[in-house]
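Structure first, then comments.
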Amino acid sequence: MKRQLPLLFVFLFGTFMVVQNFVPHENSERAKDFLNDWTIIIGIFALALGIWSLISVSIDKINKRKPNWEYAFVTLVGLVAMIFFGFTSNVSSSWWTYFASLIVLLIALWLLVQGILGFGAGATRSKEKFFAGIGLGLVFTLIAIFDKSWEFHFYTPEGLENTMFKNFFSNIMVPLQSTMFALLAFFISSASYRAFRARNLLASLLLIAALIVMLRFTPGPWGDLISKTSTWVMNVPNLAAQRAIVIGIGLGMVATALKVILGIERGYMGKG
Amino acid sequence: MLNTLAIIILSLMGASLIYVLYRTIDGRPVERRIVFAYIGLAVMLPLMMKVTPPLPITTDVQKLYEHIVKLPPGSKVLCAFDFDPPSAPELQPMAVAFVKYAFKHDLKLIIMGLWPQGPQQANMALQEAFRDSLVAVKPHEEGIDWVNLGFQSGNEFVILSMGDGFKRMFPRDTRLIPYDSIPILKNVVNFSNIDFIMNFGAGYPGTREWVQIGVDRYKSDLGAGTTAVQATEVYPYLSSGQLVGLLGGMSGAAEFEKVLAEKGKASTFILAQMFGHATVMAFVIIGNVAFFVLGRKKKNPEGNN
Amino acid sequence: MELLGIWIGAILTLGIFSFLYKDNPVYKVTEAIFIGVSAGYYAIVYFFDSIYKKFWLGAVVAAEKDLMLYGGAVLGLLFLSRLYSKTSWIARWPLAFIVGATAGLYMMTYFVTNGMNQVASTISDVAQKSDLAGSSWAEVLGTYVILVGVVTGLIYFFFSKEHKGAFGAAAKVGIWFLMVTFGASFGYTVMSRMSLLIGRMDFLLGDWLRIIN
Amino acid sequence: MFSVLKMKKYLGVFYLIALVVIYSTIAAQVPVDATAVVHPPAPVTGLTASDTDSDHGHSITVNWKPSTDDGGGANSVIGYRIMRSNSPEGPFDTVGIVPLGSKTFENSSSIEAGTTGFIPDDTNFYFRVDALTADPAVFSSSEGTGPVHSYGQWFNKGLYPVLWAVIIFTVLTVMFVSAAKKGKELYVRPLAGIEAVDDAIGRATEMGRPILYVFGLGTASDIATIASFTILSRVAKRVAEYQTSLIVPCYDPIVMAVAQDVVKTAYMDAGRPNDYKEDAVHFITNAQFAYVGAVNGIMLRELPATNIYMGKFFAESLMLAETGVVSGSIQIAGTDEIAQIPFFVVACDYTLIGEELFAASAYLGREPLLLGSLKAQDYAKAAVLVLALFGILAVNFAGDLGMAWLANFKELFKVID
């Protein structure tokens with residue numbers, strides 16, 4: 001039951017999708033659309049598990065004073081703040097109650113999670129922490145309900161329009177993302193210096209092809225010849241090898257998928 | 001002052017590469033942090049220099065230029081911004097130069113985007129253009145001289161449906177004003193009322209889709225500015241005449257600024273890019289020269305597949 | 001406010017760049033901020049995309065309720081059984097659904113696009129008698145080089161035959177082709193990545209420090 | 001991927017609208033010479049309408065023989081207008097306009113009721129085709145045809161070649177797997193990257209440093225990730241046996257959940273369930289570059305002896321591999337993302353290229369069941385080669401040998417769904 005039933009599910013759904021491909025009827029298309037929607041909905045529940053993993057690993061780090069535990073606080077604050085911003089919006093003209101609520105929420109969650117984790121580990125005072133957390137959470141909710149300084153948005157997407165949510169995105173996420181991406185320029189150069197050597201025939205082929213293409217993008221006296229050669233390299237040997245790789249990958253995938261459907265490959269269930 | 005300093009440092013860096021070569025040959029390759037420093041400075045310093053590198057104008061850019069100058073004042077140009085911030089260093093300078101030129105020569109711009117962040121990039125380009133003293137001579141009004149129709153999801157299907165009528169895909173502009181109440185869009189039904197399409201594309205959907213639908217199906221004139229990576233892919237459309245001209249990557253942008261006489265960021269960026277590329281190549285060459293000198297002494301045991 | 005944003009952006013940018021020197025506290029703080037904020041950001045975006053737009057609007061408040069969507073919600077809830085180790089085996093059901101359905105879907109997609117259609121493209125790529133008139137000899141030769149590349153490249157990927165003799169030689173030619181490809185795409189990417197760095201430098205020197213422009 | 005599939009359904013509608021616009025524009029622009037009187041052209045003949053075959057329904061195909069004044073005769077036809085009605089008497093509405101020379105038109109819609117131009121199934125329609133001239137007022141209508149109704153089919157006849165190929169491949173796989181099960185020795189050539197895995201784990205044990213296993217950005221529904229799970233289960237088992245530690249930072253929460261199961265089971269199989277630590281496999285974030293930043297941090301702080309990258313990788317491939325060099329780790333990579341293979345080849349010690357990643361799970365376990373399918377893959381590759389070579393010969397020489405039907409051999413493989 002624990003292992004056979006899932007394998008049966010895999011077989012049934014897998015076969016269904018294979019057969020679906022041959023059936024153009026609209027019922028088959030609708031069924032496929034539903035399976036697609038299901039995958040998306042399952043994904044968000046899984047994300048909750050992921051966030052829980054991030055939180056519990058961070059808290060564990062802090063509690064056990066593992067190396068670099070201080071930074072786990074920063075992660076947790078960033079995470080909770082972003083989720084808070086996403087579900088709420090500030091409706092009063094001043095921001096202080098809004099941010100005060102965020103701090104109350106942080107403390108409440110901290111106590112709550114400490115309490116929950118404490119139950120399992122049998123730590124002292126976990127009950128007290130848990131209930132203190134719930135109490136603070138209640139205070140936090142009451143402010144929202146009665147103070148009218150800010151509000152919840154679980155059922156309307158206005159949270160996405162929250163000013164702070166947007167600011168955090170454009171002033172923190174965007175620069176961090178593009179800077180991280182820009183690091184690639186540095187890594188490429190150090191790799192070129194260290195590893196790009198004509199050690200043997202294969203490495204030399206790689207190096208020569210790379211140099212030809214690089215020269216093409218660097219203005220200089222080589223001009224037309226290099227431009228023609230690099231176009232040839234891209235259109236002839238490159239195309240050929242890409243096709244060989246694509247066919248290989250395709251067959252590898254088809255074989256793996258087939259093994260999964262037939263229940264021969266079960267690595268993903270923990271069993272090899 | 002900054003200029004001179006940058007030139008001096010860059011020349012010193014060039015000279016010091018000989019020492020790097022010596023060390024590498026000696027079997028003591030420099031640390032990666034030094035390589036990082038070289039790359040960082042090689043990209044940063046040229047940005048501070050007021051030097052324009054001599055750039056020959058390639059025929060792709062020349063062709064686009066010749067087509068644009070022929071557009072009479074009052075021509076309606078559809079501007080498709082199909083890129084996002086990561087591609088902005090290459091594409092934004094092209095867009096800025098084009099917008100400035102258009103405003104100075106009284107071309108009417110109809111802006112849209114197949115990428116969510118495209119219309120924002122367009123707004124940034126417009127802001128930049130308005131700062132230009134020659135553009136500011138004459139007031140340019142939204143809705144009369146230009147309009148931003150915003151982003152529409154649906155990739156190539158958006159272009160396809162625009163053939164039926166722009167209004168279908170863009171019932172309102174970004175200010176939420178209905179299509180029919182925008183002066184510039186009066187008499188603009190579909191592609192047949194557009195004199196030229198300019199696309200700034202960084203991938204899918206982008207130049208390829210505009211060629212396949214806008215040009216092949218609706219017979220419009222299309223010019224494009226793309227990233228260097230994309231340029232290789234759309235190059236065939238240029239030789240077949242489906243594109244009137246092509247700006248490829250940073251060098252395309254710099255050449256475009258040069259032919260339009262709109263000095264902009266690309267002219268300095270191209271210098272940074274040239275130095276960056278040259279530095280990477282220099283390190284590849286140093287590594288290999290050292291390897292061949294050293295290689296005779298001992299075999300490198302490190303193997304790769 | 002905009003100025004504050006630029007300063008925060010610049011400080012974070014420098015924090016990431018500091019990693020190039022070595023791992024340090026500034027980078028660690030930057031990294032921690034990045035992890036927390038991005039995890040929160042995507043949690044919110046996905047929540048509104050799937051729970052709100054898809055499920056809530058589609059199956060709860062809609063006039064014509066898509067009752068099938070509840071199936072997804074039930075499977076999703078089953079996934080949460082992992083939170084308690086005694087019931088965690090139930091989570092294998094939604095997992096079996098995802099793996100099974102996508103294995104079936106991908107099996108067919110790749111069979112067609114990476115298998116069958118590639119046969120057709122290989123046939124079309126090689127110069128045919130009818131093309132010979134309009135092409136130069138170099139172009140015609142090129143198409144045969146493509147054919148050699150595809151054949152030898154595929155031979156390299158054979159697993160159950162020893163790479164010996166003529167077969168081994170073909171496999172060797174195949175790996176030459178692969179290496180040229182790898183070199184070309186490496187060189188190609190090097191050139192396109194430099195502009196990302198230029199973009200960041202422009203932000204630091206221009207928008208933040210205002211020493212250029 | 002899914003959105004593209006969905007979009008295809010609407011392609012017909014868009015295409016139809018596009019056609020209407022082009023040809024109405026063309027028709028509007030053709031100068032009408034006021035002095036010349038255009039006579040009504042000969043109407044089209046042989047009009048038939050039937051349900052479109054091998055589709056999801058909601059589509060009717062109309063066929064006709066062109067007017068004699070199309071490209072000949074009075075040469076006055078500029079196009080055809082396809083008209084549809086719910087009753088034989090009319091009124092008829094325009095559903096499409098096609099250029100001169102056309103003989104067929106597909107009137108189709110999406111399956112969603114309420115979308116533009118929706119065509120309900122099992123509803124009777126009547127069709128008529130008008131031959132148009134440059135003068136919008138002058139045209140000739142054909143005889144009506146009908147009733148005709150659309151309905152969905154349960155099999156797509158265009159996919160027969162695919163069906164046969166899939167059946168052959170499945171049979172081959174099952175055959176080789178069962179042959180392997182019976183104990184038939186199967187040769188597989190050595191793969192350097194796979195043989196290095198064991199040494200690398202041994203090395204980690206000697207150095208007392210952990211092993212880092214990275215899935216990349218794949219989700220649980222990527223086949224590359226599924227292959228990677230099997231590799232992880234082998235690696236985790238060895239790790240448990242050698243009593244080394246393992247770190248698996250995850251980008252996708254489902255991948256995390258599965259990987260936790262995989263590692264836990266591997267520890268139990270190795271007889272060391274108590275050594276399994278819950279936080280060995282943990283989620284970081286599903287933002288690409290934040291994930292890279294975190295993994296890079298782990299590499300420099302935990303100094304793993306071995307980094308294994310298996311799965312789907314994008315721009316982060318080189319960032320990870322270069323940082324791994326700094327921490328002095330042995331690096332083994334495998335991905336099916338073609339654009340990233342070069343970076344791994346340059347910066348890692350061993351790289352599994354494309355298909356080798358999918359073969360790796362079979363290699364690591366050396367289980368006959370899994371090895372059997374490698375043999376089937378090889379046969380499929382051989383078939384691809386033979387068919388392609390045959391197709392090239394057929395295209396060039398079939399005509400000369402009087403077998404013209406073979407010249408279109410490659411069409412068999414052009415599958416558009």
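As the structure is a computational prediction, the values presented were derived from the model and not from experiment. Throughout, a chain's letter reflects where its sequence line sits, starting with A, and its residues are numbered from 1.
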Kindly give the heavy-atom pair with the smallest separation between [X] and [Y], and that separation in Å.
X: C:Ala96; Y: A:Pro6; answer: CB-O, 3.3 Å
X: C:Gly149; Y: A:Ala244; answer: O-CB, 4.5 Å
X: C:Ala32; Y: A:Tyr71; answer: CB-O, 3.4 Å
X: C:Val29; Y: A:Val74; answer: O-CG1, 4.2 Å

Is there side-chain contact between [X] and [Y], with heavy atoms separated by less than 4.5 Å?
X: A:Ile83; Y: C:Ile44; value: yes
X: C:Trp176; Y: A:Leu201; value: yes
X: A:Asn36; Y: C:Leu105; value: no
X: C:Tyr42; Y: A:Met173; value: yes
X: C:Leu12; Y: A:Thr179; value: no
X: C:Thr122; Y: A:Arg243; value: yes
X: C:Arg200; Y: A:Phe181; value: no

Under the criterion side-chain contact (heavy atoms from CB on, under 4.5 Å), I'd like the reasoning laid out for A:Phe85 against C:Val37: C-alpha separation, chi angles, the key distance, then a yes or no.
CA-CA 11 Å; A:Phe85 294 149; C:Val37 169; over 6 Å; no
Sort [X] into side chain, backbone, both or neither according to what part of it lies under 4.5 angstrom from a heavy atom of chain C.
X: A:Phe22; value: side chain
X: A:Leu207; value: neither
X: A:Leu251; value: neither
X: A:Val254; value: both
X: A:Val18; value: both
X: A:Ala46; value: both
X: A:Met253; value: side chain
X: A:Asn68; value: side chain
X: A:Glu70; value: neither

When you measure from the side chain of A:Trp38 to the backbone of C:Pro94, do you find a donor-acceptor pair of N or O atoms at a distance under 3.5 Å?
no
At what distance, to the nearest 0.5 angstrom, does [atom1] of [X] lie from [atom2] of [Y]?
X: C:Leu95; Y: A:Ile42; atom1: CG; atom2: CD1; value: 9.0 Å
X: A:Ile245; Y: C:Asn114; atom1: CD1; atom2: CG; value: 11.5 Å
X: C:Tyr106; Y: A:Thr256; atom1: OH; atom2: OG1; value: 13.5 Å
X: C:Met108; Y: A:Met17; atom1: CE; atom2: CE; value: 11.0 Å

Measure centre to centre between the rings of A:Phe87 and C:Phe48, then say whether the value is under 6.0 Å.
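They qualify: ring centres under 6.0 Å apart.
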For this output row, return yes or no: ring centroids of A:Phe13 and C:Phe97 closer than 6.0 angstrom.
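Yes: the rings meet the under 6.0 Å criterion.
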Counting heavy-atom pairs under 4.5 Å to chain A, which of C:Phe47, C:Phe19, C:Tyr46 comes out on top?
C:Phe47
Among A:Leu79, A:Thr75, A:Leu76, find the residue that satisfies the side-chain contact (heavy atoms from CB on, under 4.5 Å) test when tested with C:Ile35.
A:Thr75
side-chain contact (heavy atoms from CB on, under 4.5 Å) between C:Phe186 and A:Ser192, intermediate numbers included
CA-CA 10 Å; C:Phe186 188 99; A:Ser192 310; 4.0 Å; yes
Chain A contact via C:Met68 - which portion, at a heavy-atom distance below 4.5 Å:
both
For [X], does the [atom1] atom sit with more than 12 other heavy atoms under 6.0 Å from it, leaving out its own atoms?
X: C:Lys28; atom1: NZ; answer: yes
X: A:Phe34; atom1: CZ; answer: yes
X: C:Trp7; atom1: CH2; answer: no

Going through the checks in order, is the side-chain contact (heavy atoms from CB on, under 4.5 Å) test met by A:Ile44 and C:Lys54?
CA-CA 11 Å; A:Ile44 183 77; C:Lys54 188 127 252 157; over 6 Å; no
Evaluate the ring planes of A:Phe169 and C:Tyr41, with Trp represented by its six-membered ring, and classify them as parallel (under 30°), tilted (30 to 60°) or perpendicular (over 60°).
parallel
